[in-house]
2 protein chains.
Amino acid sequence: MKTRSNIKDIARLAGVHPSTVSRVLNPATRSMVSEALAVEVLRIADELGYRRNPLASGLRTRKTFTVGIIIPDLTNPVFPPIVRSAEQTLDGAGYIAILADSGSRERSEREIIENMRARDVDGLILATAMRRDPVVDTCIEQGIPIVLVNRTVSRHHVPAVVNDDELGIELALKHLVELGHEHIAYIGGPQSTSTGYGRYHALLENAEKLGLELDNELLINAPAFSETAGAETLNGLLDSGKAFTAVLTANDLLALGCYDALRARGLSCPEDISITGFNDMPYVDRMDPPLTTLHIPHDALGVKAAQLLLARIENPNAPIEELRLAPELIVRGSTARPTIAS
Amino acid sequence: MKTRSNIKDIARLAGVHPSTVSRVLNPATRSMVSEALAVEVLRIADELGYRRNPLASGLRTRKTFTVGIIIPDLTNPVFPPIVRSAEQTLDGAGYIAILADSGSRERSEREIIENMRARDVDGLILATAMRRDPVVDTCIEQGIPIVLVNRTVSRHHVPAVVNDDELGIELALKHLVELGHEHIAYIGGPQSTSTGYGRYHALLENAEKLGLELDNELLINAPAFSETAGAETLNGLLDSGKAFTAVLTANDLLALGCYDALRARGLSCPEDISITGFNDMPYVDRMDPPLTTLHIPHDALGVKAAQLLLARIENPNAPIEELRLAPELIVRGSTARPTIAS
DNA sequence: TGACACAATGCAATCGTTTGCATACCCTAC
DNA sequence: GTAGGGTATGCAAACGATTGCATTGTGTCA
């Protein structure tokens, strides 16, 4: 089994110095060497099936064509499309993606990033940001190009691709109001995340704008964006005895948790209670009932995040962009007019 | 911004040669250097927050603590749990995972693997194997440690962790028969994959074992494991005019496609036709109707695959294991007794 | 014809780490 | 007192590529 050929092999066959081969192989320096020789070197390289060793050149140049992608939980269906489209975009630019799932692991995110940094990644895509996030701070301090996706931070001005939460919440709220709901509950997410925080405040603002009076006790921010958190929160609301005919949730998983809580009590959706989600995760259109939710452009999130990162890698002083993509309300079977009985 | 410290920095501070530091930092060679010095060097290393540069050491040793994971489509819900658990297991052993989604991309899988090889990955986890797969052949020839997951190849004896398809199909078929179905259709997958091939043959064998007469024209292998392929195939079957009361599918996505075809024709499941899936993808328990399917241990698949790979990386001559994990029938709402009318 | 510019290539150091070999030292044994 | 055998460390060459600088050669122009 012959080992992979390297720049020296080519140099020997071409009768030139390895540095010349290097110059030929590098588009930026190709013009330094005579046309005829360049062609010959390329021919030999091709013949040998030469491939540059990114470890070696990365060691010298500090550029590895590697990007780290860190997500909180790959089994949350929002993330696969994002990761996939980001990876694809990176691949198209000659980069590879190191994936790390930071969730449910003893080792901290900081440790993951340190590891990636040790490997000289050219940049990071983070889907894990907290509103105040020391890890993000560190990256910025150390000048590691990063792009946040889905969530962002509140302190710095950081490149990010996020959803327009205000618009999303507005659409959902208007939808419920238009259906005739007057007593609307809200199940939000952790206030430590920009999505949890932003959607909650968007709700308050939009309610005011619509002249809608919301009962503060029906507005709960769940401790996690998960099914169990959604179920438990709705259970609490139902136990409170307060009347409401709809629940606006800040996330599809919370909404699915609500399905569970309702089912457990023999209540049905949307007959007894309407529910809206946020994200339009894959397959929620097939659920029982199909979920009315806010569609976010998953693929675009990943593509844009990758593009933004590539731009900043190529030019660290590129302007810091924050892209805010518009969600779209998808009305399905989980919302309906309130029944008169309620 | 001070750059990361390296072995030379430590050597200077400790007043020793870099090679000595290297020996201290490497567990395998630690014993070569005097206890006192070792302690001192470690102290300094710790103080500087030293981290070994895997690129540099990998260049020298050909060991990068990097593993490539290649899957056909991350948005197929079977894969995220596998990828996640594999990544987690690798991380625990100090490895990182490079993820590549080979689907829907112009560049071939071969190209992806070449790229990973150029980066000196220590091994590969492939979820993309075809039954006769030249890419796998190449890896074996070149001595790159690989482990196949979910699918395997027919030619070589390759480390793999797959499902027990025979058992799975047996359970599904028995279930339908016990419910009283006599006219059962089968929608399988591409015969170029071990799962498509294996499940089809498992069906034939189990039918024979049960003394069940299957109508050959009701046994179709779809060209892909996808919802559209499932829908189109079922449409074909329904158009044929042949009578059947149940469809056994080789994959959840095919089953979901069947849902679509039925719905489009105003037929309902399970009243008109029972349907079984295979894989128990996340959330199929929430669909309408909840899918009766074969649960496969997604997490275990990923963990085992990673473990198998690590074992082979550490010892390339380790015995070639093929793990065959047992699926479990999960009966939900998509199967029922056939109605007398049919 | 000589000076000079410029183009094309070679040389050697470098990135951070590892490792076979050489060396220096100490101890023991004869 | 010296040979022999460890033990602990240093030295220097790798790994595969890049790049500032030196060198060679060629042509141009006065």
Side-chain angles (χ1 to χ4, degrees), chain A residues 2-42 44-45 48-66 94 115 117-122, chain B residues 2-42 44-45 48-66 94 115 117-122:
Chain A
K2 67 168 188 308
T3 171
R4 291 224 331 283
S5 56
N6 59 26
I7 221 172
K8 275 192 205 160
D9 298 332
I10 301 177
R12 198 177 325 114
L13 289 177
V16 298
H17 195 269
S19 61
T20 303
V21 176
S22 171
R23 286 191 265 257
V24 172
L25 263 24
N26 189 330
T29 49
R30 162 102 95 266
S31 61
M32 293 181 177
V33 18
S34 71
E35 181 62 15
L37 217 190
V39 169
E40 169 69 356
V41 166
L42 285 174
I44 297 180
L48 292 182
Y50 171 82
R51 294 191 69 112
R52 166 196 273 105
N53 181 332
L55 269 71
S57 71
L59 180 60
R60 177 71 222 255
T61 62
R62 305 268 94 153
K63 178 124 182 49
T64 55
F65 288 95
T66 303
N115 191 357
R117 202 163 109 73
R119 287 170 184 273
D120 277 323
V121 294
D122 296 324
Chain B
K2 68 169 186 307
T3 169
R4 293 224 332 283
S5 55
N6 60 27
I7 221 173
K8 276 190 202 160
D9 298 331
I10 301 176
R12 199 178 323 111
L13 290 177
V16 297
H17 194 270
S19 61
T20 304
V21 176
S22 171
R23 286 191 265 258
V24 171
L25 262 24
N26 189 331
T29 49
R30 164 101 95 268
S31 61
M32 291 182 178
V33 16
S34 72
E35 181 63 15
L37 217 188
V39 169
E40 170 68 357
V41 166
L42 286 175
I44 297 178
L48 293 182
Y50 170 81
R51 293 191 69 114
R52 164 196 274 107
N53 181 330
L55 268 72
S57 73
L59 180 59
R60 177 71 225 251
T61 63
R62 305 267 94 151
K63 178 126 183 49
T64 55
F65 288 94
T66 303
N115 191 357
R117 200 163 111 74
R119 287 169 186 273
D120 277 325
V121 295
D122 294 325

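Lettering follows sequence order; numbering is per chain, from 1.
Heavy-atom distances to DNA chain D give each of B:Ser19 and B:Arg62 a nearest nucleotide, and the one nearer the 5′ end belongs to B:Ser19. Toward the 5′ end of DNA chain C lies the nearest nucleotide of A:Val33, the other residue of the pair B:Asn6 and A:Val33 mapping further downstream. Between B:Ala56 and A:Pro18, the residue anchored nearer the 5' end of DNA chain C, judged by the nucleotide with its closest heavy atom, is A:Pro18.
The A:Thr20 side chain lies nearest to C:dT9 when the options are C:dT9, D:dA17, C:dT17. Here the side chain of A:Ser57 is nearest to one of C:dG16, D:dT18, C:dT9, namely D:dT18. Nearest nucleotide to the A:Arg60 side chain, out of C:dG16, D:dG16, D:dT9: D:dG16.
A:Val21 comes within 4.0 angstrom of no nucleic acid atom, judged by non-hydrogen atoms across all strands. If you check every strand for non-hydrogen atoms under 4.0 Å, A:Thr61 touches sugar and phosphate atoms only. Residue contacts shown for B:Arg23 include a base, since a base heavy atom lies under 4.0 Å away. Across all strands, A:Leu37 comes closer than 4.0 Å only to sugar-phosphate atoms, never to a base (heavy-atom distances).
With B:Val24 as the fixed residue, the side-chain contact (heavy atoms from CB on, under 4.5 Å) test singles out one of B:Leu42, B:Ile7, B:Ile10: B:Leu42.
Under 4.0 angstrom from either OP1 or OP2 of C:dT9 there lies at least one side-chain N or O belonging to A:Ser34. B:Lys8 has a side-chain polar atom (N or O) that falls below the 4.0 Å cut-off from OP1 or OP2 of C:dC15.
No side-chain heavy atom of B:Val21 sits under 4.5 Å from any side-chain heavy atom of B:Lys8.
Judged by distance alone with a 3.5 Å cut-off, no donor-acceptor contact links the side chain of A:Arg52 to the base of D:dA17.
Across every non-hydrogen atom of A:Ala56 and B:Leu59, the tightest pair is CB-CD1, 3.8 Å.
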